[in-house]
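Only one structure is covered here, and it is reproduced in the block below.
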Amino acid sequence: MNGAAESILAVVARVPRGKVTTYGAVAEQAGWPRRARLVGRVLGALPAGSHVPWHRVVAAGGRIALPEGSRAREKQMSRLRQEGVDVSAGRVDLRRFGWRSPAVDLDAWLWRVGDEN
DNA sequence: TAATTGACCGATC
DNA sequence: AGATCGGCCAATT
């Protein structure tokens, strides 16, 4: 297990029930900006017994990224619905169900303060 | 060794 | 709304 996978899974593990985030957002929050594909690879390689809530990660714009007709896609949608997330036409409304780690805002705030000198 | 692929993304037209 | 493009890069072919 390398550090990238660990930091990525740590971010995914923080996504609360009933909320979703995106591959790109996870990558950014994990310290690997523009590495959305890395997030997809890591989640795709999760062992079967993992407790990581991979189903709360969707593609940009709220699209379900898994291939249509795949077992994993159906599982993701049913799990999301089970926790109260509306999924219609293979999409989730990020304005209602999107989630971002508070740490991002804190970092932004710290940066802004630092820029004043 | 080279080319292709993919659970991606944002900008641009 | 859909298509293209460049960025990204490890795994697979």
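Here is the naming used below: chain letters follow the sequence lines, and residue numbers restart at 1 for every chain.
Residue pairs satisfying the salt bridge (charged side-chain N to carboxylate O under 4.0 Å, His left out) criterion with at least one member in residues 35-46 of chain A, sequence neighbours excluded, are absent.
With P as the reference atom, C:dG6 and B:dA7 are 22 Å apart, rounded to whole Å. Look at the C1' atom in both C:dG7 and B:dG6: the space between them is 14 Å, to the nearest Å. Comparing the C1' positions of B:dT1 and C:dT13 gives an interatomic distance of 12 Å, to the nearest angstrom.
Listed by chain and number, the hydrophobic cluster partners of A:I64 are A:V20, A:V58, A:M77, A:L80, A:V85, A:V87, A:V92, A:L94, A:F97, where partners are ILVMFWY side chains within reach of under 4.5 Å, directly or through others.
Under the salt bridge (charged side-chain N to carboxylate O under 4.0 Å, His left out) criterion, A:R71 pairs with no residue, sequence neighbours left out. With sequence neighbours left out, A:R17 forms a side-chain contact (heavy atoms from CB on, under 4.5 Å) with A:R56, A:E83. Residues forming a side-chain contact (heavy atoms from CB on, under 4.5 Å) with A:A65 (at least two apart in sequence, or on another chain): A:Y23, A:A59. The side-chain hydrogen bond (donor to acceptor under 3.5 Å, both in side chains) search around A:E74 returns none, not counting sequence neighbours. The side-chain hydrogen bond (donor to acceptor under 3.5 Å, both in side chains) search around A:R96 returns A:D86, not counting sequence neighbours.
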Name the pairs: protein N/O against N/O of nucleotides 8-11 of chain B, kept only if under 3.5 Å.
unit_1 : atom_1 : unit_2 : atom_2 : d
B:dC8  : N3     : A:R37  : NH1    : 3.1
B:dC8  : N4     : A:R37  : NH1    : 2.3
B:dC9  : OP1    : A:G24  : N      : 3.1
B:dC9  : OP1    : A:A60  : N      : 3.3
B:dC9  : OP2    : A:A60  : N      : 2.6

Please list, for nucleotides 4-6 of chain C, all pairs of protein and nucleotide N/O atoms separated by less than 3.5 Å.
none

Result block: side-chain N/O donor-acceptor pairs under 3.5 angstrom for residues 45-54 of chain A, not counting sequence neighbours:
unit_1 : atom_1 : unit_2 : atom_2 : d
A:S50  : OG     : A:V52  : N      : 3.1

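For the atom pair A:Q29 CD and A:S7 OG, the distance stands at 11.5 Å (nearest 0.5 Å). From A:L43, atom CG reaches atom NE2 of A:H55 across 11.5 Å, with rounding to the nearest 0.5 Å.
Atom CD of A:E68 and atom P of B:dA7 are 14 Å apart (whole Å). For the pair A:I8 CD1 and C:dC8 C1', the computed distance is 13 Å after rounding to whole Å. One atom, CZ of A:R41, and another, C1' of C:dA10, lie 4 Å apart when rounded to the nearest Å.
Of all the residues in residues 78-90 of chain A, not one reaches under 4.0 Å from DNA chain C with any non-hydrogen atom.
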Take A:V57 and A:V15, measure what side chain to side chain contact (heavy atoms under 4.5 Å, CB included) needs, and give me the verdict at the end. CA-CA 9 Å; A:V57 184; A:V15 183; 5.6 Å; no

